Asks: 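Before we start, here is the structure in question, set down as structure tokens.
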Amino acid sequence: MCGIIGYCGKKHLTDVLLTGLKRLEYRGYDSAGICLGNSNSLTIYKKEGKIRDLTAIVPREATGSWGMGHTRWATHGGVTDVNAHPHTDCSGKIAICHNGIIENYSRLKEKLGSEGHSFHTETDSEVIAHLIESMYSGDLEKAVKDSVPLLQGTFGLLVMHADHPCEIIGARNGSPLVLGIGENEMFLASDVSAMMSHTKQVVYCEDGEVVKLSALDYQVSDLRNRPIDKEVSRISWELEELEKGKFSHFMIKEIFEQVQSIPRAMNGRVDENQATARLGGLNMTERELLGIKRVVIIAAGTSFYAGQTAAWLLESLARIPAVTELASELRYRNPLVEEGTLYFAVSQSGETLDTLMAVRELQSKGARVLGICNVVGSTIARESDGGVYIHSGPEIAVASTKAFTSQLTALYLFILKMARMRHMAWLQGQTFIEGLLSVPRCLESILARAGELQALAKKYHQAESFLFLGRGINYPVALEGALKLKEIAYIHAEGCSAAEIKHGPIALINQNTPSMFLVPEDHLRSKLISNMKEIKARGGPVIALCMEGDRETAEIADDVFYVPKISEEFSPFVMVVPLQLFAYYCALELERNVDQPRNLAKSVTVE
Ligand code: M6R
């Protein structure tokens, strides 16, 4: 949540900051601000609303020689101009941009208040500026280092002082901070997208590190002033991947990209001769893999549903007990870590705080945690003991789509490997690989009929509430379909196992509550058909996603969308894409802000 960018260099400062913030806007978009440093003064512009609202109030001629910016996702204090960052100290000489939450801010505020500091905002972040002010005696870096240990919570922090021209101090604890090295210019930001048009050379900062930045140089050190030698990495993403291109929204672009992103997740990882998968990044020997007795997948949101789908298949194909747990719950549950249990942390951004904290909790108990991440160099990717990058390319829309199917692909490859090491014969392995390779083709044929889903959205977008119903491997896909509709169309939707409706949710059924059934051709199909009839008998409209040629389902349902025939284990791919499209088109009908839905942000770096 929240995006921060700092810049020291010769380019037009406001341009660099505002375009950088625009790229970071997906992280938080309720208000924004910039601080421009000019010889010995700081000028701040901040505004409630989007980056375009901020841009409108910044005079074209306004610039400076160093500066920083912030795009906010409010936690403490309402969405107002005043609460927008940057925040300043009493003198107005120190300014900060903060991503994260300061948990002990009330105590600090009280103490600093009693020492004479006056506060102007309702935010937790403002205390940081005053705390640094109270520590400052001519050395900004030292003041930051003296302040940081007193802050409880999470932060990616940028600090400027009017009397320290062309100097930015950055600090990190729990929230991401990346340093960008350009030619005679330096950047510090919450993620690489903010600086990609200027440089691809980056350094990922770790918790407890402090960066001192000028246009020509940077130094990274710890809180005890010990210099840290950092590795410089190269960003692999291309700038065009951050653009919408011919699409009207990132979400629809990313839905269509799945035809390419799924093969990318498989690239170089399929061993057709041995009918297995090659996953070198796991950092585990075959013998260690053979010793796995149980798998636990931890994640949040859409990544959690990808994990649930994979856990179902892992157990059924590889015969390894597997469960999925919400990272937010696991981290506070004092989990039991046992020998032989392998953990996966699934996270598109690799920065979700709940997932990261769960990883750390598990690792502190001796667990081996592998990451399934998209963002290369993200914190979870770096801190996990190995893993698989899904290589979806940047996912900008807040609603996760292509990451879901790529996470599934990576996890399916792991399942194939585990299954082949246990009970799966070579021929079955071949069939599995053929099935996985056929997925992109199936998705292509669904995407070619996106118009049918648009027509369904036109018909149903005014529904009060929706049920999404699936069974077995498609139960988590039903939950994902409901999540998509809620988050971008703001239509109340509940995902359920179709078997569970009789235990309560069926009471919701009326003419204004349609049910979306996922009906693949598996052993539970006849049960789903009975459930459809139960809904119809109570006057509820039924939409069914079923396999080509399924006349029986078509006769019961009010509307059907046919998906290509594919075996049960791959049905989640062909079921989820129509659900993504349906949610997208409902959101369009309702004129929602599809890519930046209200109250949300892409990367959830707060609890
Ligand atoms: O980056 P992550 O995969 O860890 O994010 C987890 C969730 O915050 C994320 O999937 C969220 O639920 C999406 N907005 C859903 O579309």
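Numbers for residues simply follow the sequence, beginning at 1. These numbers come from a predicted model, not from an experiment. Order of listing sets the numbers, starting from 1, for every ligand and every atom in it.
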Asks: Mark yes or no: Arg449 above the aromatic ring of Phe561, with NZ or CZ under 6.0 Å from the six-membered ring centre and no more than 45 degrees from the axis.
Replies: yes
Asks: Using a heavy-atom cut-off of under 4.0 Å, does the side chain or the backbone of Thr302 touch ligand 1, or both, or neither?
Replies: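 Within the 4.0 Å criterion, Thr302 contacts ligand 1 through backbone and side-chain atoms alike.
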Asks: Short list, please: which atoms of ligand 1 are under 4.0 Å from a heavy atom of Gly301?
Replies: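 Listed by number with element: 10 (O), 12 (O).
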Asks: Do side-chain atoms of Asn173 reach the backbone of Thr154 as a donor and acceptor pair under 3.5 angstrom?
Replies: no
Asks: Between Glu243 and Lys253, is there a side-chain N and carboxylate O pair less than 4.0 Å apart?
Replies: no
Asks: Hey, does Val398 sit under 4.0 Å from ligand 1 if you only count heavy atoms?
Replies: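 Heavy atoms of Val398 do come under 4.0 Å of ligand 1.
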Asks: Numbering the atoms of ligand 1 from 1, which are under 4.0 Å from a heavy atom of Ala300?
Replies: 6 (C), 7 (C), 10 (O)
Asks: For the 3.5 Å polar cut-off, considering only N or O atoms, please tell me whether Gln407 and ligand 1 meet it.
Replies: no
Asks: Just to be sure I read this right, does ligand 1 sit under 4.0 Å from the backbone of Lys484, its side chain, both, or neither, counting only heavy atoms?
Replies: side chain
Asks: Ligand 1 versus Glu351, non-hydrogen atoms closer than 4.0 Å: side chain, backbone, both, neither?
Replies: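 For Glu351, there is no contact with ligand 1 at all, from either part.
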Asks: With the threshold set at 4.0 Å, does a side-chain nitrogen-carboxylate oxygen contact exist between Glu206 and Arg172?
Replies: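 Not counted as a salt bridge, because no side-chain N and carboxylate O are separated by less than 4.0 Å.
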Asks: Quick check: does any side chain N or O of Lys365 sit under 3.5 Å from a backbone N or O of Pro335, one acting as donor and the other as acceptor?
Replies: yes
Asks: Of all the atoms in ligand 1, which lie at a distance below 4.0 Å from a heavy atom belonging to Gln348?
Replies: 1 (O), 2 (P), 3 (O), 4 (O)
Asks: If you take the centroid of each ring, where Trp contributes its six-membered ring, are Phe414 and Phe344 closer together than 6.0 Å?
Replies: yes
Asks: Looking at Asp595 and Lys602, does any basic side-chain N land under 4.0 Å from a carboxylate oxygen?
Replies: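 Salt bridge between Asp595 and Lys602, a charged N being under 4.0 Å from a carboxylate O: no.
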Asks: Which ligand 1 atoms, with their elements, are less than 4.0 angstrom from a heavy-atom of Ala399?
Replies: 16 (O)
Asks: Should Glu238 and Lys200 count as an ion pair when the cut-off is N to O under 4.0 Å?
Replies: yes
Asks: What residue and atom, counting heavy atoms only, is the protein's closest point to atom 2 (P) of ligand 1, and at what distance?
Replies: Thr352 OG1, 3.2 Å
Asks: Any carboxylate oxygen within less than 4.0 angstrom of a Lys/Arg side-chain nitrogen, looking at Lys458 and Glu589?
Replies: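 So Lys458 pairs with Glu589 through a salt bridge.
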Asks: Any idea which atoms of ligand 1 are less than 4.0 Å away from a heavy-atom of Glu487?
Replies: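 Matching atoms, with element in brackets: 13 (C), 14 (N), 15 (C), 16 (O).
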Asks: Would you mind listing which atoms of ligand 1 come within a distance below 4.0 Å of any non-hydrogen atom of Ser347?
Replies: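 That gives atoms 1 (O), 2 (P), 3 (O), 4 (O) of ligand 1.
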Asks: Please verify the inter-ring angle class for Phe247 with Phe256; under 30° counts as parallel, over 60° as perpendicular, anything in between as tilted.
Replies: tilted
Asks: As an exercise, identify every atom of ligand 1 less than 4.0 angstrom from a heavy atom of Ser303.
Replies: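 Listed by number with element, the hits are 2 (P), 3 (O), 10 (O).
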Asks: Considering the heavy atoms of Val604, write down every atom of ligand 1 situated less than 4.0 Å from one of them.
Replies: 8 (O)
Asks: So which heavy atom in the protein is nearest atom 1 (O) of ligand 1, and how far is it from that ligand atom?
Replies: Ser349 OG, 2.6 Å
